[in-house]
Undergrad: 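To start, I am sharing the structure in question, which I have written as structure tokens.
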Amino acid sequence: MASSANSNQVPKVYRTVMEDVINEVRELFLDEGVDEQVLMELKTLWENKLMQSKAVEGFPTDEQKALQAQQQQAQQAQQTQSQTQPQQVLLPSAQQATPQQVIVQDPKIFQHMSAPGMSTAAALALPAGVAPIQQFITPQGQLLQLVRAANGAQYIIQPQQQMLQVLPQMQPGAVQAPLIQQVLTPLQGGLSQQTGVIIQPQQIVLTGNKVQQNTQAAAMAVQPEQGAAHVQPQPQAQAPQQQPQQTQASQQPPMVLQVDGAGDTSSEEEEEEDEYDEDEDEDKEKDGGEDGQVEEEPLNSGDDVSDEEDQELFDTENVVVCQYDKIHRSKNKWKFHLKDGIMNLNGRDYVFSKAIGDAEW
Amino acid sequence: MAYQLYRNTTLGNSLQESLDELIQTQQITPQLALQVLLQFDKAINTALANRVRNRVNFRGSLNTYRFCDNVWTFVLNDVEFREVTDLVKVDKVKIVPNCFCSLVGHTTECTLAVWPCLQMFLNSLTLISSDL
């Protein structure tokens with residue numbers, strides 16, 4: 001508790017604010033005729049950026065819980081939605097207890113066989129070596145299956161409808177199965193969005209934060225909801241070819257997901273944000289070096305040990321935004337009575353209800 | 001109307017960036033984004049006033065001070081922020097206590113001081129719409 005009093009507070013306060021805002025604007029969104037999906041996207045983007053900034057510790061826990069809860073719900077829904085379709089089937093050995101290989105028949109079309117009664121969210125934590133197949137469901141209602149190939153490599157098959165938030169489930173370090181790297185051409189419209197699964201055993205993909213909606217970003221073969229629970233006689237017959245065809249990957253260049261939090265895009269935004277700050281601030285004393293170092297800010301903030309945090313190299317502009325009760329000066333002695341502030345010091349966020357300070361000019 | 005000064009925080013900026021992205025992809029209108037930000041202002045002000053209950057002390061040397069149009073801006077050097085048990089040292093910190101005029105639409109009451117606030121407001125609009 002010692003040093004964490006404030007850092008305990010900050011995530012909660014932020015979480016509260018976020019929930020408040022999202023709930024309040026839901027109505028606004030509906031009034032404007034904007035879909036709830038967009039609201040969710042806003043929330044996701046917002047959370048992701050906060051996580052990326054590393055200014056807040058231990059932030060996304062709620063999201064993970066929500067994800068897992070949704071998985072369980074979606075799994076039930078998914079099994080009822082399954083439709084049979086005359087398509088080649090990727091048989092992840094849904095019915096068998098022995099490990100099976102992932103079959104890639106048609107690079108573009110896969111049908112995922114959902115194994116009824118498979119564990120869902122539990123699959124996240126399991127090494128997947130225990131059971132041949134484990135299902136879990138992303139918040140989008142997609143079925144993820146963890147498949148163990150005959151060669152011992154493990155693959156994850158995912159429907160490719162919307163690859164949202166699939167990866168945040170996979171905590172870095174907890175992934176034991178090589179994730180599917182490539183996304184085959186996503187099917188548009190008519191088909192039930194069944195897409196190929198590309199398995200590349202040695203690659204481990206974790207987005208960490210940004211899981212984007214476009215299929216490439218997710219880089220995971222995704223299984224369609226509808227096809228999830230299919231069991232088709234035809235595909236089964238074809239299935240036992242059992243040749244992990246990694247050449248399917250050639251359909252699309254392998255996409256590797258960033259684990260470190262997509263520094264590329266954020267740098268642009270950082271820069272923009274920085275310029276915005278400059279426009280807004282009257283203070284002309286901002287370091288000239290700030291602009292040049294903007295890209296590094298999200299990467300190195302918080303990395304340094306405490307000793308280094310004092311150095312100029314640390315390019316976070318430490319800002320305190322607050323309200324004041326009283327500002328007092330006597331000769332060159334200044335006293336500050338501040339309240340309700342948010343501080344960003346050395347890359348970390350802090351809040352206070354009252355702050356009293358002294359400074360000599 | 002709540003103070004807008006918290007928009008330039010991690011929380012506020014990440015919200016603005018997210019909104020900008022949605023505007024870029026035309027999923028929301030700038031007007032809606034503005035409404036969201038106003039709602040954020042309310043929420044953050046309420047949260048800070050009601051949910052946060054801690055005190056911080058700090059000490060340092062004052063490098064510059066500025067008070068212009070009801071906005072204070074201080075730059076301090078070699079500051080130590082002390083909470084009950086925490087200690088955070090920074091070599092340079094900028095403190096911006098609020099301008100009471102950072103209220104949207106508050107033009108009638110603070111005509112003289114409205115300029116910087118209006119400027120900020122316009123800047124925020126520009127930021128939102130610049131990517132269209």
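Throughout, protein chains are lettered first and strands after them, A, B, ... in sequence-line order, and every chain is numbered starting at 1. Bear in mind the structure is a predicted one, so any value in this text is a computation, not a measurement.
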Undergrad: Counting only non-hydrogen atoms closer than 4.5 Å, does B/Asn45 touch chain A with its backbone (N, CA, C, O), its side chain (CB onward), both, or neither?
TA: side chain
Undergrad: Measuring from atom OH of A/Tyr14 to atom OG of B/Ser14, what distance do you get when rounded to the nearest 0.5 angstrom?
TA: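 One finds 8.5 Å between OH of A/Tyr14 and OG of B/Ser14.
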Undergrad: Using a cut-off of under 4.5 Å on heavy-atom pairs, state which of A/Val21, A/Val13, A/Asp35 scores highest against chain B.
TA: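 The answer is A/Val21.
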Undergrad: For a 4.5 angstrom cut-off between non-hydrogen side-chain atoms, does B/Thr9 reach A/Asn344?
TA: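 Not touching, per the 4.5 Å side-chain cut-off.
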Undergrad: Give, for atom CG of A/Asp20 and atom CD of B/Gln39, the distance between the pair rounded to the nearest 0.5 Å.
TA: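 One finds 8.0 Å between CG of A/Asp20 and CD of B/Gln39.
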Undergrad: Would you check if A/Val351 and B/Arg51 make a side-chain contact, meaning some heavy-atom pair closer than 4.5 Å?
TA: no
Undergrad: Which pairs pass ring-ring contact (aromatic ring centres under 6.0 Å, His included) with one or both residues in residues 44-63 of chain B, sequence neighbours excluded?
TA: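 Of all non-adjacent pairs touching residues 44-63 of chain B, those that pass ring-ring contact (aromatic ring centres under 6.0 Å, His included) are A/Phe336-B/Phe58, B/Phe58-B/Phe81.
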Undergrad: Flag the one option from B/Thr46, B/Leu48, B/Leu15 with the top tally of heavy-atom pairs under 4.5 Å to chain A.
TA: B/Leu15
Undergrad: If I take atom CD from residue A/Glu24 and atom CG from residue B/Leu38, how far apart are they, to the nearest 0.5 angstrom?
TA: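 Separation between the atoms: 12.5 Å.
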Undergrad: Are any of the side-chain heavy atoms of B/Val96 and A/Val320 separated by less than 4.5 Å?
TA: no
Undergrad: State, with a plain yes or no, whether a side-chain heavy atom of A/Glu32 is found less than 4.5 Å away from one of B/Thr29.
TA: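 Yes, at least one pair of side-chain atoms sits under 4.5 Å.
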Undergrad: Are A/Tyr324 and B/Ile95 close enough that some pair of their side-chain heavy atoms sits under 4.5 Å apart?
TA: no
Undergrad: Is the closest side-chain heavy-atom distance between A/Gln323 and B/Tyr6 below 4.5 Å?
TA: yes
Undergrad: Do any of residues 353-361 of chain A have a heavy atom less than 4.5 Å from a heavy atom of chain B, and if so, which, in residue order?
TA: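 The list, in residue order, reads A/Ser353, A/Lys354, A/Ala355, A/Ile356, A/Gly357, A/Asp358, A/Ala359, A/Glu360, A/Trp361.
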Undergrad: Only pairs of heavy atoms separated by less than 4.5 Å count here; which of A/Asp340, A/Thr16, A/Asn332 has the most with chain B?
TA: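 Among A/Asp340, A/Thr16, A/Asn332, the one with the most close pairs to chain B is A/Asp340.
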Undergrad: Relative to chain B, which segment of A/Val38 carries a heavy atom at a distance below 4.5 Å: side chain, backbone, both, or neither?
TA: both
Undergrad: For B/Leu76, is it the side chain, the backbone, both or neither that has a heavy atom under 4.5 Å from a heavy atom of chain A?
TA: side chain
Undergrad: For chain B, which of A/Ile342, A/Asp31, A/Leu338 has the most heavy-atom pairs under 4.5 Å?
TA: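 Highest number of heavy-atom pairs under 4.5 Å: A/Ile342.
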Undergrad: If we ignore hydrogens and angles and just use 3.5 Å, is the side chain of A/Trp46 paired with the main-chain N or O of B/Leu11 as donor and acceptor?
TA: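 Between the backbone of B/Leu11 and the side chain of A/Trp46 there is a qualifying donor-acceptor contact (under 3.5 Å).
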Undergrad: Look at B/Asn57, B/Val93, B/Leu22, B/Leu32 and state which one has the largest set of heavy-atom pairs under 4.5 Å with chain A.
TA: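 The candidate making the most pairs under 4.5 Å is B/Leu32.
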Undergrad: For residues A/Tyr350 and B/Val56, determine if any side-chain heavy atom of one lies less than 4.5 Å from a side-chain heavy atom of the other.
TA: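 Side chain of A/Tyr350 against side chain of B/Val56, heavy atoms only: no contact under 4.5 Å found.
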Undergrad: Would you check if A/Lys49 and B/Glu21 make a side-chain contact, meaning some heavy-atom pair closer than 4.5 Å?
TA: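 Side chain of A/Lys49 against side chain of B/Glu21, heavy atoms only: contact under 4.5 Å found.
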Undergrad: From A/Gln37 CD over to B/Gln27 CD, what is the distance, rounded to the nearest 0.5 angstrom?
TA: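 Interatomic distance, A/Gln37 CD to B/Gln27 CD, rounded to 0.5 Å: 8.5 Å.
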Undergrad: Is it true that, when you exclude A/Glu36 itself, more than 12 heavy atoms of the residues, nucleotides or ligands shown sit nearer than 6.0 Å to its CD?
TA: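 Yes, because the 6.0 Å sphere around CD of A/Glu36 holds more than 12 heavy atoms from other groups.
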Undergrad: Which of these, B/Phe67, B/Tyr65, B/Phe74, sits in a side-chain contact (heavy atoms from CB on, under 4.5 Å) with A/Ile327?
TA: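 Only one of B/Phe67, B/Tyr65, B/Phe74 forms a side-chain contact (heavy atoms from CB on, under 4.5 Å) with A/Ile327, namely B/Phe74.
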Undergrad: Please identify, among B/Val52, B/Ile28, B/Asp78, the residue contributing the most non-hydrogen atom pairs under 4.5 Å to chain A.
TA: B/Val52
Undergrad: Surrounding CZ of B/Arg55 (heavy atoms of other residues, nucleotides or ligands, distance under 6.0 Å), is the total greater than 12?
TA: no
Undergrad: Measuring from atom CG of B/Asn13 to atom OG of A/Ser53, what distance do you get when rounded to the nearest 0.5 angstrom?
TA: 10.0 Å
